[in-house]
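FYI, the numbering just counts along the sequence from 1. Just so you know, these numbers use all the heavy atoms, side chains as well, and skip hydrogens, waters and symmetry mates.
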Amino acid sequence: MRQAFLNASTESPACHGAAGRPNTTRAGGTRMPEATQDYPLAMCCARGVRARVTRPLLVVHALAIRKPPASSPPPPTPASSYLGPTTTSRPRRDVPALACPLHRPHPTPPARAQRQKPIRISPPHRTAAPRPALAMRTSSVEEAGALLARSDSAGGRRRRSASPVQSASPRPGTLRRQSSSFREDVGRAASETYLVSRLTFTLLQCLGIGYWWMSQLLALTIYAILLMPGFIQVGYYYFFSSQVRRSIVYGDQPRNRLDLYIPEDNSRPCPVVAFVTGGAWIIGYKAWGALLGRRLAERGIIVACIDYRNFPQGTIGDMVSDASQGISFVCNNIAGHGGDPNQIYLMGQSAGAHIAACALMEQAVKESGGHPVSWSVTQIKAYFGLSGGYDIHSLVDHFHERGLYRSLFLSIMEGEESLSRYSPEIVAKTSSAETIGLLPLIVLMHGTEDYSIPSSASQTFVDVLQQAGAQAKLLLYEGKTHTDIFLQDHLRGGRDPLVEDVLSIIHADDAIARQKVALAPTPRRLVFEWQLKLARQISPF
């Protein structure tokens, strides 16, 4: 049937006029619209078939169109179509064509057609060309299909972008603050971890990788794993507690930073402890004092852990200078952080005890000689030395046997000629009575089973100070190692002997504070006892 229709529409003479152009007269004698004269559907009307279209249609048929005579002019090409604006005019060719929709005779379109949205081909940012009443024929079916495919994809993108369903999200300001705070905490934790790792590799580089140091490194690793539950809890407190103010700048050098541990109840000015951490003059770091700072802050004392340059970044002179500058910052600025400037105490542990003692003696010598100083020794009410060494001359051989080799140790101490200058015990022997009179109360604390620095080092220093006329006393802890009084006892929980001794001296003249300390809750245990005992046996210190 379709083939018969094609033959009738293309071969019958009745479908064409005298000039060879299609006949445009309807069967009833009326003339068809100009715009439909070139389409095959109009040819059916010339044979007496009345074509009544009930709704707009887009009929795509591959129909053969007879090429008009050469003498006839080509039909006019519309300026635009329902597929978009036409840029060039092309001559008619004997190729399949796209039939255009026809309009209803009556002006009112059906309801279904009104619900259909026209396809817009133009980009969203450009205004689409107005749709004409009758569209033109495109050059080929392939071109029309490509344009329709582009319109479908553009319409899909518009529908997806205009979707009314949106995911619920928190307020922008709150989310920004939370993400910024978390990002800062993670960044600080990453920087602290990187610094600790770099210090560890620096230590190994300086000491060499021999059998003895490999065994010590293995023992240190097992020691850290056993105490890891406590380290994790202390690390969380250090990085995320609001009571810890990290990395406050006190000088111009890269390591001139300190951490402040603030008590929860700071309604009135609190006593202050300026603490210099240890680390064999090579791996010292302010975060090593986090556990002690937490314990003292729970008892109403502000702790300032002072960081300083380590070897090879600096030598002993740089370390003492940094510590002195940090003490000066505490003395002059602690009131702004809730501290009492009239109750400042100085404390050091291991190598930090030696550095703090050197800074104290050096400041006393300067002050007694009339030199300008940034802080006064009289601002320090007491000095606490934990497991320190104060006569470097007598400890050179001991450190060499423990793995801190002579050549390395002398490099740290700026040569053998500087050993006397940086030995607080020797400085006390040669100082004037005026210098000794400026010194505060000196309390040295040491474990009797300390193999890193023997307890005899503290005993000798106390004897020298007492002979020179200074106030000094020694507290020995029976059976305690180098790290017991500073680390394991704190992780054990309960009443810590060292902390209790420090508090008794700080609150000696404050009955109200002593009563608060007595009523304070007992610190909880952070590590099981069997882990502490095993770590004590494996400890390389």
Side-chain angles (χ1 to χ4, degrees), residues 273-278 292 316 320 323 327 344-365 367-368 377-378 380-399 413 419-486 489 496-506 508 541:
V273 171
F275 182 58
V276 183
T277 61
L292 180 62
I316 185 61
V320 173
I327 298 169
I344 298 177
Y345 300 83
L346 180 60
M347 179 184 292
Q349 190 267 338
S350 190
H354 167 255
I355 295 172
C358 288
L360 186 65
M361 295 301 302
E362 182 181 87
Q363 197 73 6
V365 171
E367 194 169 347
S368 62
V377 178
T378 58
I380 307 299
K381 295 197 66 174
Y383 166 75
F384 301 99
L386 283 62
S387 307
Y390 310 99
D391 185 1
I392 303 302
H393 268 295
S394 61
L395 293 174
V396 174
D397 296 334
H398 175 77
F399 290 148
M413 296 297 156
L419 293 180
S420 299
R421 177 185 174 187
Y422 295 110
S423 295
E425 184 176 319
I426 298 177
V427 174
K429 289 181 180 179
T430 59
S431 296
S432 62
E434 184 179 358
T435 300
I436 298 298
L438 294 174
L439 295 176
L441 171 65
I442 295 178
V443 181
L444 303 183
M445 304 171 171
H446 223 118
T448 57
E449 294 188 12
D450 189 339
Y451 301 107
S452 297
I453 300 177
S455 59
S456 58
S458 295
Q459 181 67 64
T460 306
F461 189 31
V462 167
D463 294 340
V464 170
L465 290 172
Q466 290 176 348
Q467 293 175 4
Q471 302 179 37
K473 65 178 181 179
L474 175 65
L475 298 177
L476 294 176
Y477 299 92
E478 198 66 31
K480 301 295 184 180
T481 65
H482 190 70
T483 56
D484 277 341
I485 62 175
F486 176 68
D489 287 347
D496 187 346
L498 184 140
V499 173
E500 296 298 324
D501 291 337
V502 170
L503 292 175
S504 64
I505 296 174
I506 293 178
F541 304 107

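Between the side chains of Q459 and D463, at least one donor N or O sits under 3.5 Å from an acceptor N or O.
Expressed to the nearest 0.5 Å, how far NE2 of H354 lies from CD of E425 amounts to 11.0 Å. Here the CD-CZ distance, from E362 to R421, works out to 6.5 Å after rounding to the nearest 0.5 Å. To the nearest 0.5 Å, atom CG of residue L498 and atom NZ of residue K480 are 10.0 Å apart. Taken from CG in L465 to CD1 in I442, the straight-line distance is 4.5 Å, to the nearest 0.5 Å. Rounded to the nearest 0.5 Å, atoms CG (D450) and OG (S455) are 7.5 Å apart. Put simply, OG1 on T448 and OH on Y477 are 12.0 Å apart, with the number rounded to the nearest 0.5 Å.
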Carefully, step by step, assess S432 and T435 under the rule side-chain hydrogen bond (donor to acceptor under 3.5 Å, both in side chains). CA-CA 5 Å; S432 62; T435 300; 3.1 Å; yes
Going through the checks in order, is the side-chain contact (heavy atoms from CB on, under 4.5 Å) test met by L439 and M361? CA-CA 8 Å; L439 295 176; M361 295 301 302; 3.8 Å; yes
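Listed by first and then second residue, the ring-ring contact (aromatic ring centres under 6.0 Å, His included) pairs that reach into residues 427-448 come to none, sequence neighbours excluded.
When all heavy atoms of Q466 and A472 are compared, the pair lying nearest together is NE2-O, 2.8 Å. Among all heavy-atom pairs drawn from P440 and V377, the shortest one is CD-CG1, 3.8 Å. Looking at every heavy atom in both residues, A428 comes nearest to V464 through CB-CG1, 4.2 Å. Contact detail for M445 and D501: the closest heavy-atom pair is CE-CB, 4.2 Å. The minimum heavy-atom distance linking M347 with V273 is given by the pair CB-CG1, 3.9 Å. The minimum heavy-atom distance linking Y390 with L395 is given by the pair N-CD1, 4.4 Å.
Residues S423 and I392 form a side-chain contact, since some pair of their non-hydrogen atoms from C-beta on lies under 4.5 Å apart. Contact check for I453 versus S350: side-chain heavy atoms found under the 4.5 Å cut-off. The side-chain heavy atoms of V502 and Y345, taken from C-beta on, include no pair separated by under 4.5 Å. Contact check for F486 versus L292: side-chain heavy atoms found under the 4.5 Å cut-off. Looking at Y422 and I355, their side chains never come closer than 4.5 Å, going by heavy atoms from C-beta outward.
The backbone N or O of A353 lies less than 3.5 Å from a partner atom in the side chain of Y383, making a donor-acceptor pair. Remark: the backbone N or O of G447 is not paired with any side-chain donor or acceptor of H482 at under 3.5 angstrom. Remark: the backbone N or O of I436 is not paired with any side-chain donor or acceptor of S431 at under 3.5 angstrom. Between the T460 side chain and the A457 main chain, no donor and acceptor come within less than 3.5 Å of each other.
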